[in-house]
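These notes concern the structure reproduced below.
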Amino acid sequence: MKTRIEGLDLLRFAAAFSVLLYHYFFIGPLQGYWPQNQFLSIAHLGDFGVDVFFIISGFVISVSAEGRTFKHLVKSRFLRIIPALFVCSLITACTFSLLPGVSVRDTFTRWVTSLVLFPEVFGREPLSVYSGRYRLRSNFI
């Protein structure tokens with residue numbers, strides 16, 4: 001029988017949402033990816049959402065591991081995480097390739113090497129929309 005603690009889902013959502021707000025309203029404007037008028041100083045608190053999210057996730061994984069073999073646990077985590085990683089990173093790659101001046105071939109290579117989780121092994125940068133080449137110009141800030 002599976003045990004589900006409903007309140008943890010809500011808390012995990014709140015933590016993940018706070019991280020999203022942190023990136024959009026704090027890091028983005030601070031590093032010049034968005035106009036400065038998007039900056040909210042309170043959004044820096046979203047940084048704690050990462051810690052909260054991982055603490056809750058660690059607890060949930062340890063509860064879900066109860067009564068399972070290591071092999072079964074690894075298989076279930078793989079089947080839960082890798083398809084989402086594939087889809088979300090593909091969306092990121094497609095979106096990234098639409099930016100002006102971006103090489104579709106380079107983006108595809110970065111996407112494929114990022115799927116192994118260690119693109120640096122292949123001498124490539126990880127696929128990220130936070131690449132320094134695509135910041136807003138200072139006259140837009």
Side-chain angles (χ1 to χ4, degrees), residues 2-141:
K2 290 193 174 201
T3 304
R4 185 168 195 96
I5 305 170
E6 307 277 331
L8 287 181
D9 291 336
L10 184 60
L11 191 56
R12 231 176 2 174
F13 172 79
F17 191 68
S18 73
V19 173
L20 181 129
L21 294 177
Y22 169 75
H23 281 277
Y24 190 80
F25 291 110
F26 188 76
I27 293 296
L30 193 65
Q31 293 184 351
Y33 296 105
W34 305 113
Q36 287 291 328
N37 64 357
Q38 299 282 357
F39 183 78
L40 294 176
S41 60
I42 194 167
H44 78 280
L45 296 173
D47 190 29
F48 295 113
V50 173
D51 299 328
V52 171
F53 187 84
F54 280 114
I55 289 169
I56 294 168
S57 295
F59 173 75
V60 169
I61 290 170
S62 66
V63 168
S64 70
E66 215 170 294
R68 290 181 169 180
T69 64
F70 179 74
K71 182 179 176 181
H72 187 263
L73 179 65
V74 169
K75 180 182 175 186
S76 68
R77 298 306 302 164
F78 181 86
L79 291 175
R80 183 179 178 122
I81 293 170
I82 297 302
L85 171 68
F86 181 85
V87 170
C88 291
S89 64
L90 180 60
I91 292 168
T92 300
C94 290
T95 303
F96 192 71
S97 67
L98 295 174
L99 291 172
V102 172
S103 162
V104 174
R105 182 182 210 159
D106 180 57
T107 301
F108 177 76
T109 305
R110 287 173 62 194
W111 173 65
V112 169
T113 57
S114 290
L115 288 175
V116 297
L117 306 178
F118 298 102
E120 295 85 3
V121 170
F122 300 101
R124 307 297 295 178
E125 282 184 48
L127 179 65
S128 171
V129 293
Y130 283 112
S131 175
R133 295 184 289 205
Y134 303 105
R135 293 183 182 172
L136 290 174
R137 298 190 192 283
S138 60
N139 60 341
F140 292 114
I141 298 175

Discussion item. Using a 6.0 Å cut-off, check whether atom CD of Glu66 has over 12 heavy atoms from anything other than its own residue.
Written reply: no
Worksheet entry | Pairing residues for Ser76 by the side chain to side chain donor-acceptor pair (under 3.5 Å) criterion, not counting sequence neighbours | Arg68
Worksheet item: Just wondering, do Leu79 and Lys75 contact through their side chains at under 4.5 Å, heavy atoms?
Response: yes
Fill in: Gap between atom CZ of Arg124 and atom OG1 of Thr109 - 0.5 Å precision
5.0 Å
Worksheet item: Can you tell me how far CG of Leu90 sits from OG of Ser114, rounded to the nearest 0.5 angstrom?
Response: 12.0 Å
Worksheet entry | Minimal non-hydrogen separation, Pro126 against Glu120, with atom names | CG-OE2, 3.5 Å
Discussion item. Leu117: which residues meet the side chain to side chain contact (heavy atoms under 4.5 Å, CB included) condition with it, sequence neighbours left out?
Written reply: Leu85
Discussion item. Using side-chain heavy atoms (C-beta onward) and a distance below 4.5 Å, is Val112 in contact with Phe122?
Written reply: no
Fill in: pair Val121-Val116: side-chain heavy atoms closer than 4.5 Å
no
Using residues 46-54 as the side-chain source, report each donor-acceptor pair under 3.5 Å to any protein atom, sequence neighbours left out, with the distance given to one decimal.
none

Worksheet item: With a cut-off of 6.0 Å (strictly less than), are more than 12 heavy atoms of other residues, nucleotides or ligands near CG of Leu98?
Response: yes
Discussion item. Distance check, rounded to the nearest 0.5 Å: Ile42 atom CD1 versus Leu21 atom CG?
Written reply: 10.5 Å
Worksheet item: How many angstroms lie between CD1 in Ile61 and CG in Leu73, if you round to the nearest 0.5 Å?
Response: 7.5 Å
Worksheet, complete the sentence: Across all chains, not counting sequence neighbours, the ring-ring contact (aromatic ring centres under 6.0 Å, His included) partners of Tyr22 are Phe26
Worksheet item: Can you pull the salt bridge (Lys or Arg N to Asp or Glu O under 4.0 Å) pairs that have at least one residue in residues 8-33, sequence neighbours excluded?
Response: Arg4-Asp9, Asp9-Arg12
Worksheet item: Quick one: side chain to side chain donor-acceptor pair (under 3.5 Å) partners of Ser89, sequence neighbours excluded?
Response: Trp111
Discussion item. If you compare all heavy atoms of Thr107 against all heavy atoms of Ala93, which two are closest, and at what distance to 0.1 Å?
Written reply: CG2-O, 3.4 Å
Worksheet item: In Å and rounded to the nearest 0.5 Å, what is the OG to NE2 distance from Ser64 to His72?
Response: 10.0 Å
Worksheet item: For Phe59, what residues pass the ring-ring contact (aromatic ring centres under 6.0 Å, His included) criterion, not counting sequence neighbours?
Response: none
Practice prompt. Working to the nearest 0.5 Å, report the span between CD1 of Ile56 and CG of Leu11.
Written response: 3.5 Å
